[in-house]
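Remarks on the structure that follows.
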Amino acid sequence: MRFNPNISTNIERLLFAVLMAILAGAISLNRWAYSVDQAIYDAAIAQFRKPIDQDILIIAIDERSLLELGRWPWSRDLHAQLLDELADAGVEAVAFDVVFAEPDRVNPNNDHVFAQAIQAMGRVALLVHMEQTHAGGQILEVMPDPLLLQSAAAAGHVHIEYDVDGVSRAVFLKEGLGEAYWPHLMHALWGLVDPNVSDDFPGLRPKAAQTASPFVIQRDYYNLIPLADPTSTVATVSYTDVIHNRIAPRNLKGKIAIVGATAKGLGDIVATSIGPMSGVEFNANVLNALRNGSTILPVSKLAHALISVLAVFGIIMLGVRASPRDYLVLTVSAVAIWLTLSVVGLFTVRVWFAPLSVILPLLVFYPLWSWRRLEQALVFLRRELARVEQQTRPEQIWHVNEAQKKLAFLAGVTGVLQWQLVARESLPLKPSRLFLGADDNNGVGEPALISGGGAREQRTLAIVSEAGATEFELQWQWPDQVAEVDKGLWLNAINMIANQKVGVEKKIPSELVSETIAQLRQANKQIDESRAFFDRCLENLQDAVLVANLFGEVVFANARARVLFGLNQPVGAALMPCLEQLQIDQGWPAVIGRIVHDQGEIYAEVRGEQETEAFFLQLASLKWRSDDLDTLLFSFTDVSFIKEAERVRSEALQFLSHDLRSPVVSILALLEHYRSRNTEQLVSDAGLREVFTEIEQYARKNLSFAESFLHLARAEIVGDSKFDLCDMHSVVDNALMMTRQQALAKSIGVDVDRTLDDLWVWGDGELLERVVVNLLSNGIKYSEPNTKISLHMRGNSGAVELQVADQGIGISADELDTIFQRFHRAAGGLPVSGAGLGLHFVDTVCKKHGGSITVASELGVGSTFTVVLPLCDNQFDE
Ligand code: ADP
């Protein structure tokens with residue numbers, strides 16, 4: 001299976017993104033990062049606080065008021081008096097953050113007085129208080145005394161919402177038993193001074209429809225209230241100071257007053273992000289925020305979770321193609337941007353999105369992902385290292401037996417007379433003496449230093465043996481005469497052995513990245529070195545090597561090839577002009593077409609520009625990578641000198657055969673001439689006749705030798721450039737005709753059995769004829785008279801099979817292998833003349849035609865020779 005790191009990385013990243021998105025959702029829904037989120041919120045809010053509106057006035061029921069006006073609760077005519085004072089001073093509106101639940105039982109008239117004052121004042125809001133009868137008990141909506149409520153312009157609740165950390169940051173703008181009916185007191189108060197206040201309350205609404213139980217408090221319109229700058233305190237006057245007219249009316253004019261307790265133990269204390277404050281002061285802040293429109297809407301739980309999930313998933317997937325560094329930048333920027341967005345959202349659109357549910361997963365993801373990437377990189381590095389180390393030669397650690405082998409070879413080359421490696425006796429290794437040299441190649445034995453010879457030398461070498469690194473002493477002896485070169489070689493080699501690092505084999509480290517990288521670098525260096533080594537070998541090769549691609553461009557040419565083809569810049573050079581400097585039968589395009597089509601290899605002879613230049617071409621095509629086109633690999637071996645020798649030889653042979661032939665032909669002609677002239681003398685003189693016959697026999701034998709040589713010489717030099725289409729039927733017909741006389745002379749019949757199909761062979765017709773003639777005439781020669789020879793010929797899967805079978809003397813099994821050799825003649829048998837060249841000729845011709853000859857024979861039974869030649873398949877294409 002092919003491993004694709006990209007796919008697995010992408011899947012892993014997707015998995016991580018999903019996991020982190022789930023984490024984001026969980027953080028959001030469970031508010032795991034609540035405290036940090038709140039800290040961010042508080043810090044952000046603190047940065048942008050504004051001073052509180054100065055027309056908001058607290059009329060504080062403080063310690064001094066209690067001191068001067070007596071213990072709480074005060075008689076309600078006092079409140080009436082307060083209202084009168086405020087109305088006189090021109091206060092805009094008043095809200096009582098004070099519970100007036102029951103009627104004044106001591107002096108019911110006071111209620112009337114107060115009610116009148118409320119009515120007179122006009123813009124007065126009273127408090128509706130939610131009270132629990134006891135812990136866990138029923139909740140009651142405690143209304144102001146009906147008399148007062150009727151007179152008041154508005155009424156509202158002052159519930160303050162506490163966060164999980166016990167700090168108040170928000171209020172519900174509506175609240176009520178069974179139904180969120182009552183507005184917040186401050187909202188009611190605001191409504192009294194500003195007729196434009198809309199009934200569209202801002203704030204977060206409950207998700208589900210509220211249960212309509214009349215005994216459950218319902219709350220609605222949740223709003224975060226940013227507190228005003230604590231350095232600008234709310235304008236506050238003491239209740240008693242107003243009653244006693246100690247406040248200048250201009251200081252009260254146009255103010256919106258909130259009456260409430262600040263005295264210790266009387267009013268409630270609210271914990272806020274800027275410290276504890278009285279409930280009335282908090283409410284002043286609520287009013288301030290409502291009027292300034294600075295209340296903040298928190299993102300609903302579901303939307304928050306959804307946004308968190310999508311944002312985290314999106315940001316992580318955004319960095320799919322990012323490098324670790326880019327991803328760090330992406331993470332840091334995403335965190336910064338998200339943080340900024342949530343802070344900016346507070347002050348622009350006044351929406352609060354707690355950012356940690358997005359930030360936290362991103363921060364968790366980065367190191368996690370980096371770790372995974374590092375792991376992957378390390379795994380890759382290790383695998384690469386293992387692969388590379390497999391390719392490079394391991395760092396050489398010479399073991400003693402290897403050192404011996406090497407020294408033995410070198411000693412032979414440099415002519416060192418004798419040498420031996422001896423373990424130093426002082427060492428723990430059992431002193432085994434290792435002798436190598438001419439006499440003893442196997443090691444242990446007594447030293448056999450011969451007397452005489454040249455100088456003796458020795459050297460200490462550290463070599464690894466079974467006992468670990470051991471010191472050995474190498475002793476050697478030079479012959480009397482030693483060349484300086486040899487000496488240099490030997491000493492160099494010894495130095496190399498002496499300088500070998502002896503140590504344990506290295507293992508791939510399991511952890512350290514840098515160490516792995518260092519090793520990989522080292523291994524790469526080794527690869528580079530070995531590549532340089534192979535490059536040099538290739539460069540210095542005796543053969544001209546040319547590599548080309550299928551676009552007809554040279555990719556590589558070694559030194560010989562560059563010289564041969566006159567290439568200065570081999571890479572990218574056009575292939576054809578190079579090749580066309582050499583001639584090949586069939587032409588280059590056809591040859592290249594064949595190799596690309598058939599793959600495999602082609603061996604052929606090519607000729608250079610000069611007639612004496614000849615090369616042996618080996619052409620192969622190989623696929624460099626699986627998706628690549630083929631690469632063509634040409635190797636030209638210079639065979640000019642072999643060709644030359646061959647030419648000289650065949651010339652000599654032809655010359656010889658010719659020279660041998662012509663005198664013999666002349667002798668035969670002379671004999672014939674004399675015979676025709678002196679017929680009578682020959683008839684009468686039996687002795688002369690016998691001499692004549694004998695001379696003629698010898699001459700004919702000689703002629704046959706010469707002809708055999710001639711034929712063979714032709715067969716050996718023939719190349720397929722001289723070939724043509726040959727019809728095997730006419731080849732056989734001609735051969736039968738040529739041997740007819742010979743067969744008749746011995747009364748041997750030749751049975752012919754052949755197919756009627758066309759059988760075309762690409763070859764030399766004359767040579768093929770002689771093949772059949774040789775086989776037939778051998779059959780006749782090595783058979784008794786009155787026997788039979790049968791000739792079969794048929795086409796058989798792309799080849800023609802020709803069989804000549806006789807009923808002759810046969811060939812012994814041990815000679816079957818050798819009869820095709822030059823000058824071979826079987827022992828015994830019939831007294832037949834021959835040079836032992838006929839079958840060698842047949843074999844040569846068959847091979848030249850890409851075919852073969854085989855023989856089956858049995859002594860006394862007969863022999864069957866089978867020739868197989870490839871048929872020309874596209875015979876009529878051209
Ligand atoms: P020669 O000129 O001697 O016939 P060949 O090369 O034709 O040379 O044959 C080599 C030897 O193989 C022969 O000397 C003969 O002993 C043996 N030989 C060839 N053909 C036959 C055959 N048809 N039957 C028996 N022996 C044969």
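Along the sequence shown, the residues carry numbers beginning at 1. Each ligand, and each atom within it, is numbered from 1 in the order the structure gives. Note that the structure is predicted; figures quoted are calculated from it, not measured.
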Got an N/O contact under 3.5 Å between Leu839 and ligand 1?
yes
Report yes or no: does Gly836 have a heavy atom closer than 4.0 Å to ligand 1?
yes
Could you list which atoms of ligand 1 come closer than 4.0 Å to a heavy atom of Ile811?
25 (C), 26 (N), 27 (C)
Under a 3.5 Å distance rule, please check whether Asp543 uses its side chain to pair with a backbone N or O of Arg560 as donor and acceptor.
no
If the cut-off is 4.0 Å to any non-hydrogen atom of Gly810, which atoms of ligand 1 fall inside it?
25 (C)
Are Arg754 and Asp733 close enough for a salt bridge, meaning some N to O gap below 4.0 Å?
yes
Using a strict cut-off of 4.0 Å, indicate which atoms of ligand 1 neighbour a heavy atom of Leu837.
6 (O), 8 (O)
Polar side-chain atom of Thr631 near backbone of Asn549 as donor-acceptor pair, under 3.5 Å:
no
Taking 4.0 angstrom as the limit and counting only heavy atoms of Lys781, give me the atoms of ligand 1 inside it, by number and element.
1 (P), 2 (O), 4 (O)
Run the contact test for Glu815 against ligand 1 with a 4.0 Å cut-off on heavy atoms, strictly below, and give the result.
no
For ligand 1, is Phe820 a contact, meaning one of its heavy atoms is under 4.0 Å away?
no
If you take the centroid of each ring, where Trp contributes its six-membered ring, are Phe636 and Phe565 closer together than 6.0 Å?
yes
Between Glu672 and Arg675, does at least one N-O distance fall below 4.0 Å, as a salt bridge requires?
yes
Backbone N or O of Val482 within a donor-acceptor pair of the Lys487 side chain at under 3.5 Å?
no
Below a 4.0 angstrom heavy-atom separation, can you tell me which part of Phe841, side chain or backbone, both or neither, approaches ligand 1?
neither
When only distance counts, is Asn778 in polar contact with ligand 1, meaning an N/O pair under 3.5 Å?
yes
Would you call Arg822-Glu716 a salt bridge at under 4.0 Å N-O?
yes
